Amino acid sequence: MENFDYLIVGAGLFGAVCAHELSKKGKKCIVIDKRNHIGGNIYCDKIEGINVHKYGAHIFHTSNKTIWQYVNQFAEFNNFVNSPMARYKDEIYNLPFNMNTFSRLWGIKTPQEAQKIIEQQRQTHFSENPKNLEEQAINLVGIDVYEKLIKGYTEKQWGRDCKDLPSFIIKRLPLRFTYNNNYFNDIYQGIPIGGYNKIIEQLLSKSVVKLEIDFKEFTKKFKGISYKKIIYTGAIDEFFDYKFGHLEYRTVSFETEVLDTDNYQGCAVVNYTEREIPFTRIIEHKHFEFGSQPKTVISKEYPTEWKPGLEPYYPINDDKNTQLLIKYQNEAKKLDNVYFGGRLGQYKYFDMDKTIESALELTNKIM
Ligand code: UDP
């Protein structure tokens with residue numbers, strides 16, 4: 001019989017931070033994952049000497065100094081600043097919505113001119129209490145930006161009409177009247193030099209890790225392993241065998257290609273904001289690390305509706321799913337030896353810094 005204090009289900013960022021913190025305090029952890037690698041969705045594949053963000057672009061950004069110092073223990077970060085471009089038909093714009101975008105859209109030069117145009121557009125389309133993403137977006141940036149840069153992209157990304165989406169999704173994006181193309185408002189930002197795998201490997205270095213094993217299979221097969229508590233970072237509805245029904249997700253699939261050129265699109269992320277192009281963005285991975293390799297690797301990102309068997313990516317935090325989530329959370333409260341965490345365990349659209357914050361909160365609470 002091998003005895004552990006914790007079984008951690010999922011070797012992604014949340015699980016790995018828990019494993020590290022608990023091991024530091026002398027707890028014995030076993031970490032399992034159904035994939036054949038650690039790191040969850042921040043895992044990088046090495047192709048042509050380039051770190052390829054296999055499950056989509058991950059750019060670390062935070063305003064929490066403690067979290068920034070925390071990740072910097074495990075890797076040095078470069079000075080990458082996310083400045084994606086948007087392509088709409090044959091026009092190209094800077095993101096997020098800032099003076100470069102407005103100047104290209106309307107041929108204007110000053111913040112006063114931009115504010116005046118947005119103000120006029122707001123007046124004709126203003127909603128007193130924005131109830132959905134469309135109303136919120138138009139209130140914020142006016143109809144031109146909404147139609148060219150938000151509507152098509154968002155409807156592809158979420159597979160729903162902007163009128164049926166919650167407004168908080170769009171609040172993630174900054175709106176500025178300065179010539180500043182930094183996609184994030186956070187104080188700290190960068191990509192770990194050498195890739196994310198290096199961080200996860202260190203976080204898991206004191207734990208036993210078993211890959212390619214699913215939780216249910218593990219509990220059946222490994223009778224000789226005992227553990228006192230479980231930290232579960234898989235989908236909460238799956239844990240309860242979907243007994244109240246499925247929570248909904250959006251999923252994304254990637255079409256990755258190696259190209260025989262050293263620079264395909266000139267930046268890491270280009271969003272394709274028109275509805276007619278089926279993918280939402282193209283990632284050119286080498287630019288995250290200012291790579292000078294002779295070839296390049298690009299990934300086209302196609303969003304689709306999730307169905308059982310596919311990887312769940314983005315929780316859909318609308319009313320219907322929130323009601324269902326509450327039912328599962330009430331079940332979870334009845335279990336005193338299982339903690340649910342991470343994007344799937346909490347069914348929450350977490351950035352990486354919030355994932356770490358939340359893992360640290362959990363380990364502090366349970367220690
Ligand atoms: N969004 C948009 N146009 C863009 C980029 C983003 O309308 O060019 C909207 C879209 O609704 C998206 C949301 O802003 O779901 C949040 O975008 P973000 O880039 O933060 O999404 P993530 O990188 O997490 O997929």
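Remember, predicted model here, so these are calculated numbers, not experimental data. As the structure lists them, so they are numbered: ligands from 1, and atoms in each ligand from 1.
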With heavy atoms of I169 as the reference, note each atom of ligand 1 found under 4.0 Å away. 11 (O), 13 (C), 15 (O), 16 (C)
Can you pull out the closest protein heavy atom to atom 22 (P) of ligand 1? Residue, atom name and distance to 0.1 Å, please. Y349 OH, 3.3 Å
For atom 15 (O) of ligand 1, what's the nearest protein heavy-atom neighbour? Residue, atom name and distance, please. W158 NE1, 2.8 Å
At less than 4.0 angstrom from any non-hydrogen atom of T273, what atoms of ligand 1 do you find? 8 (O)
As an exercise, identify every atom of ligand 1 less than 4.0 angstrom from a heavy atom of R281. 22 (P), 23 (O), 25 (O)
What I want to find out is whether E331 reaches K334 closely enough, with some N-O distance under 4.0 Å, to be called a salt bridge. yes
Using a strict cut-off of 4.0 Å, indicate which atoms of ligand 1 neighbour a heavy atom of L95. 8 (O)
To which protein heavy atom is atom 25 (O) of ligand 1 closest, and what is the distance rounded to 0.1 Å? Y314 OH, 2.6 Å
Just jot down the ligand 1 atoms closer than 4.0 angstrom to any heavy atom of T154, in number order. 2 (C), 7 (O), 9 (C), 10 (C), 11 (O)
As an exercise, identify every atom of ligand 1 less than 4.0 angstrom from a heavy atom of I150. 7 (O)
Closer than 4.0 angstrom, basic N to acidic O: yes or no for E274 and K89? no
Distance filter under 4.0 Å to I170 heavy atoms, resulting ligand 1 atoms: 9 (C), 14 (O)
K28, NZ: over 12 other non-hydrogen atoms inside 6.0 angstrom: yes
Are the charged groups of E155 and K151 less than 4.0 angstrom apart, N to O? yes
Should K151 be listed as contacting ligand 1, given a heavy-atom distance under 4.0 Å as the test? no
of all protein heavy atoms, closest to atom 20 (O) of ligand 1 is R172 NE, 2.9 Å
Verify the distance criterion only: is there a donor paired with an acceptor across the side chains of Y339 and K229 at less than 3.5 Å? yes
Would you say L95 ends up clustered with V81 if hydrophobic residues are merged whenever their side chains have heavy atoms under 4.5 Å apart, either directly or through other cluster members? no
To check your reading of the model: name the closest protein heavy atom to atom 18 (P) of ligand 1, its residue, and the distance in Å. Y183 OH, 3.6 Å
With respect to N271, determine whether any N or O atom, backbone or side chain, lies less than 3.5 Å from an N or O atom of ligand 1. yes
Polar proximity ligand 1 side, L149 side, N/O cut 3.5 Å exclusive: yes
Cationic tip of R176 above F102 ring, under 6.0 Å, 45° of axis: no
Looking only at side chains, do D164 and N132 share a donor and an acceptor under 3.5 Å apart? no
Under-4.0 Å salt bridge between R104 and E91: no
Could you tell me whether E311 and K34 have a side-chain N and a carboxylate O separated by less than 4.0 Å? no
Within a distance under 4.0 Å of any heavy atom of Q157, pick out the atoms of ligand 1 and give their elements. 15 (O), 25 (O)
